[in-house]
Number of protein chains: 2
Amino acid sequence: MNGQPSARNRLLDAAEELAFTQGVAATPVDRILQRANVAPATLYAHFGNKEGLIAEALRRRLQNWDAAWLREIDAAATDRDRLLAVFPALTSYRSGASAARWCAALGVAAETVDPGQQLAETLSQDTQLLTDRFRELAVPVVGADDADAVAAHLLLIFTGVLGMLLRGSSPEEASATGRATAGFVIDGFASSRSAG
Amino acid sequence: MNGQPSARNRLLDAAEELAFTQGVAATPVDRILQRANVAPATLYAHFGNKEGLIAEALRRRLQNWDAAWLREIDAAATDRDRLLAVFPALTSYRSGASAARWCAALGVAAETVDPGQQLAETLSQDTQLLTDRFRELAVPVVGADDADAVAAHLLLIFTGVLGMLLRGSSPEEASATGRATAGFVIDGFASSRSAG
DNA sequence: GTCTATATCCTGATAGAC
DNA sequence: GTCTATCAGGATATAGAC
């Protein structure tokens with residue numbers, strides 16, 4: 001009944017704030033424990049090991065991102081804006097509390113050669129979520145026949161926006177460029193559609 | 001005068017083959033030494049420390065990539081194909097001897113929070129090389145006024161292609177999608193040019 | 001569920017001989 | 001320039017009490 005979050009949630013918060021900004025391997029368990037103000041044994045009781053903690057933090061983060069994306073989709077006025085809503089969603093999500101260096105999921109994928117099962121599953125869920133929703137949102141814009149292709153392009157562009165953060169680009173700049181790139185692709189498909 | 005490469009080159013080869021596929025942090029110095037068949041002291045005599053070795057391997061790799069890209073540009077027939085030559089260059093480069101998991105430079109950037117000076121310099125050179133050459137190649141295709149913008153789009157798209165490798169995509173698939181994405185962007189700029 | 005204290009291993013890097 | 005042998009520190013994870 002006190003205001004203090006549980007040790008479990010403090011651990012997840014600390015893991016997110018440290019491991020997803022500094023890198024998982026570069027973040028010793030000790031530092032997570034110190035920040036969470038939690039004893040080692042408590043971490044292993046809850047999550048089994050370090051990877052279990054990271055996997056759970058990643059799952060939670062994926063859910064939060066999904067929610068932020070859906071909010072931005074709801075706020076959009078046209079089908080086209082809904083399809084492009086990932087880009088404003090990214091900047092608004094990143095300006096919120098949690099700021100990974102680029103993308104938590106891709107970051108973990110990049111430094112984990114052979115991920116455990118739960119970790120691999122969460123990582124593929126990220127790609128799956130993006131692909132599925134892009135496809136769904138693309139149908140009213142370019143038609144069902146081209147929805148798969150447009151989804152593939154958007155996934156690549158969005159991944160490129162995230163990668164640009166590693167190249168030192170600002171989220172706003174990368175996101176704006178990506179949105180414009182996506183616009184060209186959508187226009188290209190739309191015009192070939194009206195022409196056909 | 002024997003056929004055996006020098007200890008220095010064996011170290012660079014081993015570092016490239018191990019650190020850029022398994023990750024730098026996940027690759028202990030011991031394993032590099034073992035693969036290179038070299039004693040620890042030799043590594044530190046040549047490169048100072050682990051980061052020095054990685055930085056040098058990255059520089060060498062960047063040069064090789066540049067050469068491969070230039071070859072592909074020379075082989076292209078039209079201005080447009082020269083601008084799009086990065087994509088076939090990527091697949092041909094990756095099918096060669098050295099195969100990083102996605103991109104050696106971005107991979108190092110992803111797991112290095114605070115890179116040392118030589119490492120940071122090499123990383124920014126990668127982005128700089130891409131940006132400068134894209135701009136140069138874009139001029140005859142879309143004109144000098146739009147060359148900067150097109151270069152920014154191509155950098156993002158190319159970064160996206162590399163990132164797709166982390167999502168499990170094949171190089172051929174990612175490269176083909178990226179080339180198509182770039183085509184839409186170029187066509188968009190070219191048509192607005194002829195319209196203006 | 002949580003803490004204190006510790007076990008165990010492995011890492012990057014160095015000393016000193018040749 | 002290269003080797004053998006080793007140091008000192010820090011990593012993950014566990015034991016056992018409360």
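Just so you know, these numbers use all the heavy atoms, side chains as well, and skip hydrogens, waters and symmetry mates. Order of the sequence lines fixes the chain letters, A, B, ..., with proteins taken first and strands second; residue numbering starts at 1 for each chain.
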### Task
Tell me which nucleotide among dC3(C), dT4(D), dG1(C) gets nearest to the side chain of His46(A).
dG1(C)
### Message
Return whichever of Pro28(A) or Gly48(A) has its heavy-atom-nearest nucleotide of DNA chain D closer to the 5' end.
### Response
Pro28(A)
### Message
Nearest to the Asp30(A) side chain among dA13(C), dC3(D), dA11(D), which nucleotide is it?
### Response
dA11(D)
### Task
Using atom CZ of Phe47(A) as one end and atom P of dT14(D) as the other, report the distance to the nearest whole Å.
16 Å
### Query
Between Glu111(A) and Val24(A), is there a donor-acceptor pair closer than 3.5 Å when you use the side chain of the first and the backbone of the second?
yes
### Query
So Gln34(A) and Asp30(A), side chain to side chain donor-acceptor pair (under 3.5 Å) or not? Walk me through it.
CA-CA 6 Å; Gln34(A) 192 178 348; Asp30(A) 297 15; over 6 Å; no
### Interatomic spacing from CG in Leu155(A) to CZ in Arg167(B) - rounded to 0.5 Å
5.0 Å
### Atom pair distance, as rounded to whole Å: NZ in Lys50(A) and C1' in dC9(C)
15 Å
### Task
Hey, can you tell me if Trp65(A) and Phe158(A) have their rings parallel, tilted or perpendicular (30° and 60° cut-offs)?
parallel
### Task
In whole angstrom, give the distance that lies between atom CG of Leu11(A) and atom P of dG1(C).
13 Å
### Message
What is the separation between atom OH on Tyr44(B) and atom P on dT14(C), rounded to the nearest whole Å?
### Response
7 Å
### Query
With respect to the side chain of Ala39(B), which nucleotide from dC3(D), dT12(D), dT14(C) is positioned closest?
dC3(D)
### Separation of dC3(C) C1' from Gln34(A) CD (nearest whole Å)
16 Å
### Message
Measuring from the side chain of Thr42(A) (C-beta onward, heavy atoms only), which nucleotide among dC3(C), dT14(C), dT4(C) has the closest atom?
### Response
dC3(C)
### Task
Send over the distance from Leu33(A) CG to dT2(C) C1', rounded to a whole Å.
12 Å
### Message
Whole angstroms only, please: what is the CD1-C1' distance between Ile32(A) and dT12(D)?
### Response
11 Å
### Message
How many whole angstroms separate atom CG of Leu43(B) from atom P of dG1(D)?
### Response
14 Å
### Query
Side chain of Ser175(A), backbone of Glu172(A): donor and acceptor closer than 3.5 Å?
no
### Message
Go nucleotide by nucleotide along DNA chain D from the 5' end; which of Ser6(B) and Pro40(B) gets its closest nucleotide reached first?
### Response
Ser6(B)
### Query
Between dG12(C), dA5(C), dT2(D), which nucleotide gets closest to the side-chain atoms of Ala45(B)?
dT2(D)
